[in-house]
Amino acid sequence: MEEKFLKKFENRVRKTIEMYNLIDKNDKVIVACSGGKDSTTVLYLLQKFGYNVEALIIDLLIGEWSKKNIKNIKNFCTDIGVKLHVVNIRDELNASMCYIRSTIQEKSRLSNCYVCGVIKRWILNRKAKELMANKIATGHNLDDEVETILMNIFKGDIELALTMGPKTGINKVNGFVTRVKPLYFCTNNDVKRYSIAMNFPVVYDPCPCSFGSFRRDMRKLVELFSKGERRKKEWAVLNFLSIIEKLKKSTISSNVKNCEICGEPTRKNVCKTCELLLLVKK
Ligand code: AMP
Ligand code: ZN
């Protein structure tokens, strides 16, 4: 019974990679690992499929939570024979994630997950370049994507929508490492089932800082709409992607420049991370 599911799941991931041309055997891929079920599954499968992968985890210094995840991923990488890079947020930004967030939140109403997400993407892009990788693979799954669609629509943020899809990052833009999402068509439940069946050493609890987030509210809406059916979620995502394809060809996507402060790619003069760090310093 479970054997059949495991095979079907792996085939879905393989098909997503092939259909959307996510990864090539010549690519050097950094798998962005949180220590959770999704990115651990991506790491395991990319290695199993024979791609050139290395793992990277950012130590966000979120107390016991970070310690546990780092320990798990260290053991896992040793077990499967993959090189792991541990990047300490303090070495990059001189502060822990908790400090950065609480300082920013004294001055703005940005959520924990928003601040954390922006900073993680910034560190990942810089580190991937340092490690001479041309792809970053993340653990985003189908549920994450439907939730993100709703969040962007509610925020009215079309530019954010351009970062969606199984493969993001406009190759022509200097300094932006292409990001790929091999679990794009796998539901959260299926990834969990796979990870449990494979006995992966992961923590299934949500991040302790993600309470009360906008995303969690969207999750409830998605469940109401889909009643847990994978096809309905896939339908919503594919329809949205067809709109984005048209938008990507418009002028918005060609407006990418380099941040005046750190040099990373951005659509404004100063990137989101530097904007946040300016708030911290104020
Ligand atoms: P999240 O922002 O927590 O929803 O995570 C989205 C994706 O970012 C995960 O699937 C991972 O691929 C990656 N990620 C999350 N946390 C970390 C971390 N601490 N270090 C490296 N990558 C991470
Ligand atoms: Zn910047």
Side-chain angles (χ1 to χ4, degrees), residues 29-46 53-63 65-74 77 84-89 92-93 96-97 111-128 131 133 135-145 147-148 151 163-164 168 175-177 179-184 186 188 191 195 202-203 205-210 213-216 218-219 256-281:
V29 188
I30 292 293
V31 182
C33 293
S34 62
K37 67 182 193 315
D38 305 280
S39 44
T40 303
T41 299
V42 169
L43 180 63
Y44 172 79
L45 286 180
L46 294 190
V53 290
E54 290 181 8
L56 187 150
I57 186 163
I58 305 165
D59 185 353
L60 299 165
L61 300 171
I62 306 179
W65 166 261
S66 292
K67 282 187 195 147
K68 184 107 190 64
N69 281 304
I70 289 170
K71 191 173 155 226
N72 281 344
I73 200 72
K74 268 187 183 161
C77 285
L84 171 69
H85 306 270
V86 182
V87 177
N88 190 311
I89 189 174
E92 302 302 309
L93 297 172
S96 69
M97 181 54 78
S111 74
N112 283 352
C113 297
Y114 174 84
V115 174
C116 188
V118 168
I119 288 178
K120 275 189 301 207
R121 279 196 296 278
W122 184 84
I123 295 179
L124 278 171
N125 199 58
R126 285 166 69 98
K127 284 289 153 189
L131 296 167
K135 296 270 165 74
I136 296 171
T138 62
H140 292 98
N141 62 39
L142 184 58
D143 289 69
D144 295 329
E145 196 74 353
E147 288 155 25
T148 309
M151 287 165 74
T163 66
M164 297 186 60
T168 60
F176 198 91
V177 182
R179 284 198 301 266
V180 296
K181 304 170 187 169
L183 303 183
Y184 200 78
C186 302
N188 196 49
V191 183
S195 169
V202 299
V203 179
D205 303 330
C207 166
C209 307
S210 69
S213 81
F214 187 20
R215 180 173 290 279
R216 283 201 184 172
M218 293 303 109
R219 191 162 301 162
V256 182
K257 34 194 161 183
N258 292 96
C259 170
E260 284 172 3
I261 300 176
C262 71
E264 286 291 290
T266 173
R267 291 196 172 82
K268 299 197 223 155
N269 292 333
V270 173
C271 78
K272 280 182 190 154
T273 294
C274 289
E275 246 174 42
L276 291 176
L277 295 176
L278 285 173
L279 269 179
V280 175
K281 283 181 198 148

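The structure displayed is predicted, hence computed values, not measured ones. Order of listing sets the numbers, starting from 1, for every ligand and every atom in it.
- Under 3.5 Å, the side chains of S210 and R215 contain no donor-acceptor pair of N or O atoms.
- Within the protein, the number of N, O or S atoms lying under 2.8 Å from the Zn ion (ligand 2) is 4.
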**Request:** Show the numbers, then the answer: is there a side-chain contact (heavy atoms from CB on, under 4.5 Å) between S66 and L60?
**Result:** CA-CA 7 Å; S66 292; L60 299 165; 4.3 Å; yes

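- Listed by chain and number, the residues in a salt bridge (Lys or Arg N to Asp or Glu O under 4.0 Å) with E260 amount to none (sequence neighbours excluded).
- In this structure, A32 and I136 approach most closely via the heavy-atom pair CB-CG2, 4.3 Å.
- Checked for salt-bridge contact, K268 and E275 meet the test: a charged N lies under 4.0 Å from a carboxylate O.
- For ligand 1, the protein residues within 4.0 angstrom (heavy atoms only) are A32, C33, S34, S39, L56, I57, I58, L60, K120, T138, G139, H140.
- Annotation for P265 and F176: closest pair CG-CD1, 3.4 Å, computed over non-hydrogen atoms.
- Listed here is the closest heavy atom pair of S195 and V202: OG-CG2, 3.7 Å.
- Closest approach of L43 to C77, counting heavy atoms only: CD2-SG, 3.8 Å.
- Partners of K74 according to the salt bridge (Lys or Arg N to Asp or Glu O under 4.0 Å) rule, which considers only residues two or more places apart in sequence or in another chain, do not exist here.
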